[in-house]
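Here is the structure we will look at.
Residue numbers begin at 1 in each chain, while the letters A, B, ... track the order of the sequences. Side chains are part of it too, since the values below use all heavy atoms of this structure and drop only hydrogens, waters and symmetry mates.
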Number of protein chains: 2
Amino acid sequence: MPMDARKFRILQAIIDDYILTAIPVGSRTISKKYEMGLSSATIRNEMSDLEELGYLDQPHVSAGRIPSAKAYRLYVDQLLQSGILRSDDTASVKDHFGSRARQMEDVISRAAQVLSGMTNYTALVMSPKGRELHIRTLQLVPVSSTSALLVIVTDGGIMRDTVIRVGSDLDSDALYAISRMLTEKLSGRTLSEALKMLHGVQESSPRGKQVLDGVVGFLDSVEGDTAKTKLALGGTSNILNFPEYSDVEKAKGFLSVLETKDKLIQLLENQGEMAFTVRIGPETGIPELKDCSLVTATYHLSDNTHGTIGVIGPTRMQYGRVLSILNAMGQQLTDLLGQDKE
Amino acid sequence: MPMDARKFRILQAIIDDYILTAIPVGSRTISKKYEMGLSSATIRNEMSDLEELGYLDQPHVSAGRIPSAKAYRLYVDQLLQSGILRSDDTASVKDHFGSRARQMEDVISRAAQVLSGMTNYTALVMSPKGRELHIRTLQLVPVSSTSALLVIVTDGGIMRDTVIRVGSDLDSDALYAISRMLTEKLSGRTLSEALKMLHGVQESSPRGKQVLDGVVGFLDSVEGDTAKTKLALGGTSNILNFPEYSDVEKAKGFLSVLETKDKLIQLLENQGEMAFTVRIGPETGIPELKDCSLVTATYHLSDNTHGTIGVIGPTRMQYGRVLSILNAMGQQLTDLLGQDKE
DNA sequence: TGTTAGCACTCGGGTTAGGTGAGTGCTAAC
DNA sequence: GTTAGCACTCACCTAACCCGAGTGCTAACA
């Protein structure tokens with residue numbers, strides 16, 4: 001028994017209805033509300049087929065049907081293919097964004113808020129991450145007599161900074177000299193290259209060694225830097241708006257996952273640079289999210305720098321809307337963050 | 001009818017029991033579980049008095065009594081007076097803290113996690129905030145051809161940074177020269193003093209003006225800088241462990257307050273530098289938290305820099321435990337953050 | 001062969017009624 | 001002032017019940 005056009009139309013109607021109402025949808029509803037020119041009996045037959053094909057589940061015998069993950073998958077694939085993204089939320093996103101946010105961090109967290117506000121789901125925004133960042137400048141700023149702030153600027157325009165200890169006899173000028181020297185040596189290199197170079201250097205003076213150790217230590221930590229990626233969340237409590245999560249236990253599971261951002265970051269990083277990805281239920285790979293869908297999009301700042309934005313909600317998500325909004329938001333972020341970098 | 005010692009002992013027993021079980025406690029329970037040498041009938045009489053005095057509430061006529069906010073207030077005041085804080089959680093805090101966290105931000109967020117883990121409540125940790133910060137160093141680091149990173153180091157050891165636009169003809173050395181000049185001029189001043197000084201300066205060259213504008217703009221934003229204080233949360237979903245929040249609507253309200261950190265920050269900032277403050281239920285001033293208590297403590301880095309840590313939980317909180325843990329954590333933070341600043 | 005009407009059946013959810021027990025307030029005796 | 005006893009209240013639990021939405025199946029129809 002193949003999947004024909006009529007079955008697909010019925011399935012689509014079921015999904016649409018379920019997304020809207022969250023209650024199992026029966027044959028009568030489809031026959032009446034969505035004019036198919038078919039009686040409920042016929043729909044029933046088709047629904048029975050669709051269930052056999054694995055697109056529908058039945059919570060219990062005398063309830064209507066609900067779409068399975070497989071059904072959503074089909075639905076979404078269809079959506080993506082048909083290029084439904086022409087609907088334009090760009091203006092709306094801009095409206096919501098409003099005020100000028102200057103710092104990367106501000107933009108990120110504001111974006112998360114706007115995204116959650118517009119979608120009513122939980123939003124994720126991950127700060128840009130370069131695949132192979134090249135060092136541009138490296139500078140030490142005195143903080144106290146024994147410590148300095150190490151600032152590294154890369155071609156992604158991204159700065160990473162940390163405090164390192166330095167000898168007490170290094171004043172501002174000395175630090176600047178060292179900074180110049182390091183910049184000259186390392187400029188243009190990737191982080192890993194720089195690390196290798198510095199490992200080779202033998203520094204005789206103890207204070208020079210201390211600085212070097214600090215720099216190496218920091219590069220090291222930046223290099224294996226998965227946990228450090230900034231992740232902003234918005235509308236974490238939005239999930240409670242949905243009846244699927246009126247059970248406190250489930251809600252707790254969900255919120256716990258959000259709290260320990262690690263799993264999320266991993267999830268978001270593990271997806272190349274696809275324009276959009278949609279993970280439905282079990283596809284997320286996180287047990288607590290088995291009734292959720294995660295829709296993500298990437299935004300690009302430069303050739304090798306990109307970040308991720310996404311939305312988490314119940315599997316019965318308004319995929320079309322969400323995809324369109326993500327699209328607009330991605331562009332907006334590219335604009336906002338891109339301008340600062342050149 | 002006055003409040004005598006026996007009434008107080010009974011009240012204390014009721015509070016202890018209710019904190020533990022969250023179910024209304026009856027006269028029989030008190031008479032049996034806590035050996036008072038009194039029959040349930042006597043306890044009943046006393047309880048009736050306590051209710052009249054406003055220390056007890058009765059959910060409905062045939063249920064036990066639960067402590068009112070007023071009762072908790074009495075309980076906590078007693079606790080604080082009696083200097084119950086000798087019990088020492090310092091070692092335990094250190095254990096949990098474990099690994100070295102170097103950056104301020106790391107320490108803050110880790111502290112929030114440890115605090116929530118140890119107390120099982122929701123934890124707040126606010127980054128240190130100086131009343132009158134003095135500028136120590138000010139430096140510009142080139143980021144791209146048209147922008148630079150402005151780093152300001154203050155005597156609290158706290159750095160604030162932002163990206164400002166600069167003329168395209170300023171190279172690293174030129175920026176360093178400007179930095180030196182600015183540092184010389186502004187070092188030792190407070191932020192507001194510096195701001196005033198710079199407003200007086202007339203800069204003729206356009207590129208100098210651009211830099212100046214950037215610096216002024218930034219100082220401005222730091223000056224009125226209440227929203228920017230870093231606030232880390234830990235264990236936000238812990239609240240769901242408590243039966244008082246098994247109602248999803250209530251939980252949503254609570255979580256929403258946490259999400260828009262503004263109210264919390266305001267709340268935390270509005271309390272001088274008391275060693276401890278305890279706000280019970282309505283005392284928080286936030287409707288959504290009317291069934292919660294907020295216990296806070298301050299930790300000091302230097303004379304004019306202090307931060308706040310706190311715990312939010314149901315009004316029936318284990319105040320003694322929480323106060324003791326906050327105390328230990330405060331000291332730990334002073335240690336961890338203090339060392340970097342000198 | 002596909003569609004439809006009709007019908008018996010299922011089962012979750014809401015409602016009602018009754019029983020249970022914890023807890024109270026009051027009174028009278030100690 | 002304390003206690004024992006007793007009647008009373010009321011939230012909570014359970015079982016029984018009904019209702020209705022929805023299904024699957026069958027037979028008739030186009």
At the 4.0 Å heavy-atom cut-off to chain B, mark where contacts on DNA chain D begin and end, going 5' to 3'. D:dT2 to D:dA11
In whole Å, what is the span from the CD1 atom of B:Ile43 to the C1' atom of C:dG23? 14 Å
Salt-bridge criterion met for B:Lys250 and B:Glu244 (N-O under 4.0 Å): no
Classify the side-chain pair B:Asp16/B:Tyr75 by whether it contains a donor and acceptor separated by less than 3.5 Å. yes
Any donor-acceptor pair under 3.5 Å linking the side-chain atoms of A:Thr296 with those of A:Thr277? yes
For A:Thr122 and A:Asn238, does a side-chain donor sit closer than 3.5 Å to a side-chain acceptor? no
Over all heavy atoms of both residues, which pair between A:Cys292 and A:Thr284 is shortest? Give the atoms and the distance, please. O-CG2, 4.2 Å
Counterpart base for C:dT27, defined by Watson-Crick or G-U wobble contacts under 3.5 Å: D:dA4
Grab the NZ-P distance between A:Lys7 and C:dT3 for me, whole Å please. 9 Å
Given side chain to side chain donor-acceptor pair (under 3.5 Å), test B:Glu288 with B:Ser256 step by step and report yes or no. CA-CA 9 Å; B:Glu288 287 89 344; B:Ser256 302; over 6 Å; no
Under 4.0 Å between a side-chain N or O of A:Ser62 and OP1 or OP2 of C:dT10? no
pair_partner(C:dT1), Watson-Crick or wobble, both distances < 3.5 Å, evaluates to D:dA30
Given that B:Arg44 and A:Arg44 both sit by DNA chain D, which one's nearest nucleotide is further toward the 5' end? B:Arg44
Listed in order of residue number, which residues of residues 11-38 of chain A have a non-hydrogen atom at under 4.0 Å from DNA chain D? A:Gly26, A:Ser27
May I ask you to say what B:Ala41 touches in the nucleic acid, namely base, sugar-phosphate or nothing, with a heavy-atom cut-off under 4.0 Å? base
Flag for B:Asn241-A:Lys252: side-chain donor and acceptor within less than 3.5 Å: yes
Before you tell me yes or no, could you show the steps for B:Leu11 and B:Met3 under side chain to side chain contact (heavy atoms under 4.5 Å, CB included), namely the whole-Å CA-CA distance, both residues' side-chain angles and the distance that decides it to 0.1 Å? CA-CA 10 Å; B:Leu11 181 58; B:Met3 170 82 163; 4.0 Å; yes
